[in-house]
Amino acid sequence: MFSNGGLVQSLVKKIYELSRTDHRCKLSVLAMGNSCSALGIPLPKGPHRVGCTDYMWDHTAGGTFFRLYYPCLESEKAERPDWIPCREYYNGLADFMKINRTLSERIFNYLFGSYKIPAYLNAPYKQNQKCPVVIFSHGLGAFRTLYSAICAELASQGFIVASVEHRDESASATYFYREKSESEKACEATHKVPSVPNHLTEQWMYYRALAHGEPEFPLRNRQVKHRADECIRALDKLIDINSGKTVENVLQADFDWTTLENSMDLCRIAVMGHSFGGATVIESLCKEVKFKCGIALDAWMTPLDEEIYPRVKQPLFFINSEKFQWAGNISRMKKLESAAIPRKMITILGTVHQSFPDFTFLTSNWIGKLLNLKGEIDPQIGIDLCNRASLAFLQRHLGLEKDFNQWDQLIDGKDPHLIPGTNVTLLHSSI
């Protein structure tokens, strides 16, 4: 997620020194901008209120784990959950960024601990017409909550969205459960976690960095295949839920899953993802024909076997940032072009690779640009263009009866902040 680890490490240490003075307002403005600024994840703009809940099937690492976003009813009891769910995710981000855990946890919690997801936890599902479905795949070093601005917007427009948390060691942190040992069971009376069965205990899985001298492709190729399988398993569980089958949620969330019976339009399913998640989109389209189209946000193409490209038969939309892409990566995207199958590519001017995750909304202007979390474009304008172009593409290729076609021109890059295709110069030999 962050490429300039040394700079980030130095910056975090400086922020830590400032934080010890307890000059909260000064630190917020100087560093990331917290309680003294108007920063925050934008609220969704669609007609529906948005709920979210977490689902874990099979407590082992081979199971399925995702956050579900959906149209919801108003509820006095429902609250917006923390953006970063718990301290282990701070530790994972620290490991990914190669920063000391003890140093970073206090800083991350100070800077980001007060932010909430723009959705209501376990709010009751709003039963209306059947919802199209989107499976979302996060990028390298991310996890299921970091793209809430995109996922919540889709849900507010009438989609059911499953944001998968991958267990291929590409997430900065994730967890599953294992059976407790006898000694652990003996201590359970004083260490019970209400939302988890008593016989299970958390097992955390953190990001796996490349070993010194290790080639990248073999690892990333194994991971992208694993990720696509996880997206397909998430879809399979949604199909079970939609059919009315009794579902086991290891997390025992306070959500009535029976209300989702017959809630989904299973003829209208898409897959979407950012960076490594963009590669996961392509791998998933190749493996599962139930996905009718895909949207790849600033896709990182390196993990993919190019031999799969001809097997991708569904419409595909590349939405790229201006500053991340390079000729080799774009040339791989170009190899997916087809005269018979709709393939589109646009570039959002003024954006960087991190203009898609939520971090771009939570950092002050200068520090966001210093860490490549912000580009020159207003983050709200950038994400609106991404979301509206995505909605128009989904309407076109899922056959939706919505008004998203008002943004059809964005698919062709027709906007002052867009260009069709790419800003990257390609040599003919690279295509």
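Along the sequence shown, residues carry numbers from 1.
- A cation-pi geometry, defined here as NZ or CZ lying under 6.0 Å from the six-membered ring centre and within 45° of its normal, does not hold between Arg67 and Tyr55.
- With no hydrogens or angles considered, no side-chain donor-acceptor pair links Ser170 and Gln223 at under 3.5 Å.
- The structure places CZ of Phe317 at 9.5 Å from CG of Leu297, a figure rounded to the nearest 0.5 Å.
- For the atom pair CZ of Phe159 and CG of Leu391, the computed distance is 5.5 Å after rounding to the nearest 0.5 Å.
- Between Trp326 and Phe324, the ring-plane angle classifies as perpendicular under the 30° and 60° cut-offs.
- For the side-chain contact (heavy atoms from CB on, under 4.5 Å) with Arg268, the lone residue among Leu400, Leu394, Val133 that qualifies is Leu400.
- Counting only heavy atoms from C-beta outward, the side chains of Trp83 and Ile41 approach each other to under 4.5 Å.
- Counting non-hydrogen atoms of other residues, nucleotides and ligands closer than 6.0 Å to CG of Asp254 gives a total of 12 or fewer.
- Tested against Asp298, the residues Lys323, Gln325, Gln354 include a single side-chain hydrogen bond (donor to acceptor under 3.5 Å, both in side chains) partner, Gln325.
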Lys369/Glu376 under salt bridge (charged side-chain N to carboxylate O under 4.0 Å, His left out): CA gap, chis, key distance, verdict: CA-CA 8 Å; Lys369 290 180 179 178; Glu376 296 301 320; 3.4 Å; yes

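- For the pair Ala389 and Ile346, the tightest heavy-atom approach, listed with the atom from each and the gap, is CB-CD1, 4.1 Å.
- Taking the charged nitrogens against the carboxylate oxygens, Lys225 and Asp168 have no contact shorter than 4.0 Å, which rules out a salt bridge.
- Around atom CD of Glu74, no more than 12 heavy atoms belonging to other residues, nucleotides or ligands sit under 6.0 Å away.
- His59 pairs by the ring pair (Phe, Tyr, Trp, His ring centres under 6.0 Å) definition with nothing, not counting sequence neighbours.
- What you find for Ala142 and Tyr147 is that their closest heavy atoms are CB-CE1, 3.9 Å.
- Under the 3.5 Å distance criterion, with hydrogens and angles disregarded, a donor-acceptor pair is assigned to the side chains of His166 and Ser137.
- Residues His353 and Ser275 bring a donor and an acceptor atom of their side chains to less than 3.5 Å of each other.
- Salt bridge annotation for Lys45-Asp384: present, with a cationic side-chain nitrogen under 4.0 angstrom from a carboxylate oxygen.
- No hydrogens or angles considered: a donor-acceptor pair under 3.5 Å links the side chains of Asn122 and Thr53.
- Looking at Glu248 and Lys237, no side-chain N of the basic residue comes within less than 4.0 Å of a carboxylate O on the acidic one, giving no salt bridge.
- Using a 4.5 Å cut-off on side-chain heavy atoms (C-beta onward), Asn320 and Ile330 make contact.
- Considering only heavy atoms from C-beta on, Phe65 comes within 4.5 Å of Arg167 through its side chain.
- The salt bridge (charged side-chain N to carboxylate O under 4.0 Å, His left out) search around Lys402 returns none, not counting sequence neighbours.
- The OG1 atom of Thr259 lies 9.0 Å from the CG atom of Leu73; values are rounded to the nearest 0.5 Å.
- Geometric assessment of Arg227 against the ring of Phe276 yields a positive cation-pi assignment under the 6.0 Å and 45° thresholds.
- Side-chain polar atoms of Glu105 and Asn109 form no donor-acceptor pair below 3.5 angstrom.
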Residues Arg233, Asp236; criterion salt bridge (charged side-chain N to carboxylate O under 4.0 Å, His left out); working and verdict: CA-CA 5 Å; Arg233 283 202 299 274; Asp236 289 341; over 6 Å; no

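- Atoms CG and CD, from Asn387 and Gln157 in turn, are 8.5 Å apart once rounded to the nearest 0.5 Å.
- In this structure, Pro315 and His397 approach most closely via the heavy-atom pair CG-ND1, 3.5 Å.
- Nearest heavy atoms, Pro379 versus Lys374: CG-NZ, 3.5 Å.
- Considering only heavy atoms from C-beta on, Phe393 stays 4.5 Å or farther from Phe404 through its side chain.
- When every heavy atom of Leu410 is checked against every heavy atom of Arg388, the shortest pair comes out as CD1-CB, 3.7 Å.
- Residues meeting the side chain to side chain donor-acceptor pair (under 3.5 Å) test with Thr64, sequence neighbours left out: none.
- Figure legend: Arg343 and Tyr309 shown without cation-pi pairing, the cationic atom not lying both under 6.0 angstrom from the six-membered ring centre and within 45 degrees of its axis.
- Ring-plane geometry between His274 and Phe356 is classed as tilted, the angle between the planes lying from 30 to 60 degrees on a 0 to 90 degree scale.
- The number of heavy atoms from other shown groups lying within 6.0 Å of CD (Glu216) is above 12.
- Inter-residue side-chain proximity for Lys116 and Asp82 is flagged as met; some heavy-atom pair is nearer than 4.5 Å.
- The local environment of CD in Gln203 is crowded, with over 12 non-hydrogen atoms from other residues, nucleotides or ligands closer than 6.0 Å.
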Trace of the salt bridge (charged side-chain N to carboxylate O under 4.0 Å, His left out) decision for Arg222 with Glu169: CA-CA 11 Å; Arg222 288 195 302 273; Glu169 297 181 300; over 6 Å; no

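- Ring geometry, Trp204 versus Tyr89: the interplanar angle exceeds 60°, so the pair is classed perpendicular (tilted spans 30 to 60°).
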Stepwise ring-ring contact (aromatic ring centres under 6.0 Å, His included) test for Tyr70 and Phe255: CA-CA 12 Å; Tyr70 53 88; Phe255 178 74; 5.1 Å; yes

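- Ring geometry for Tyr115 versus Phe112: interplanar angle of 30 to 60°, hence tilted.
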Criterion side-chain contact (heavy atoms from CB on, under 4.5 Å) on Val352 and Leu373, from CA distance to verdict: CA-CA 7 Å; Val352 296; Leu373 299 177; over 6 Å; no

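- Here the side chains of Arg80 and Val50 are not in contact, with every heavy-atom distance at 4.5 Å or above.
- Taking both residues in full, the closest heavy atoms of Gly51 and Ala123 are given as CA-CB, 4.4 Å, listed atom of the first, atom of the second, then distance.
- Using a 4.5 Å cut-off on side-chain heavy atoms (C-beta onward), Tyr120 and Lys77 make no contact.
- Between Gln395 and Trp407 the shortest side-chain heavy-atom distance does not fall below 4.5 Å.
- With values rounded to the nearest 0.5 angstrom, Lys290 atom NZ is found 9.5 Å from Leu266 atom CG.
- With rounding to the nearest 0.5 Å, the separation of CG in Asn242 from NZ in Lys130 is 6.0 Å.
- For the 3.5 Å distance criterion, the side chains of Asn329 and Trp300 fail to qualify, holding no donor opposite an acceptor.
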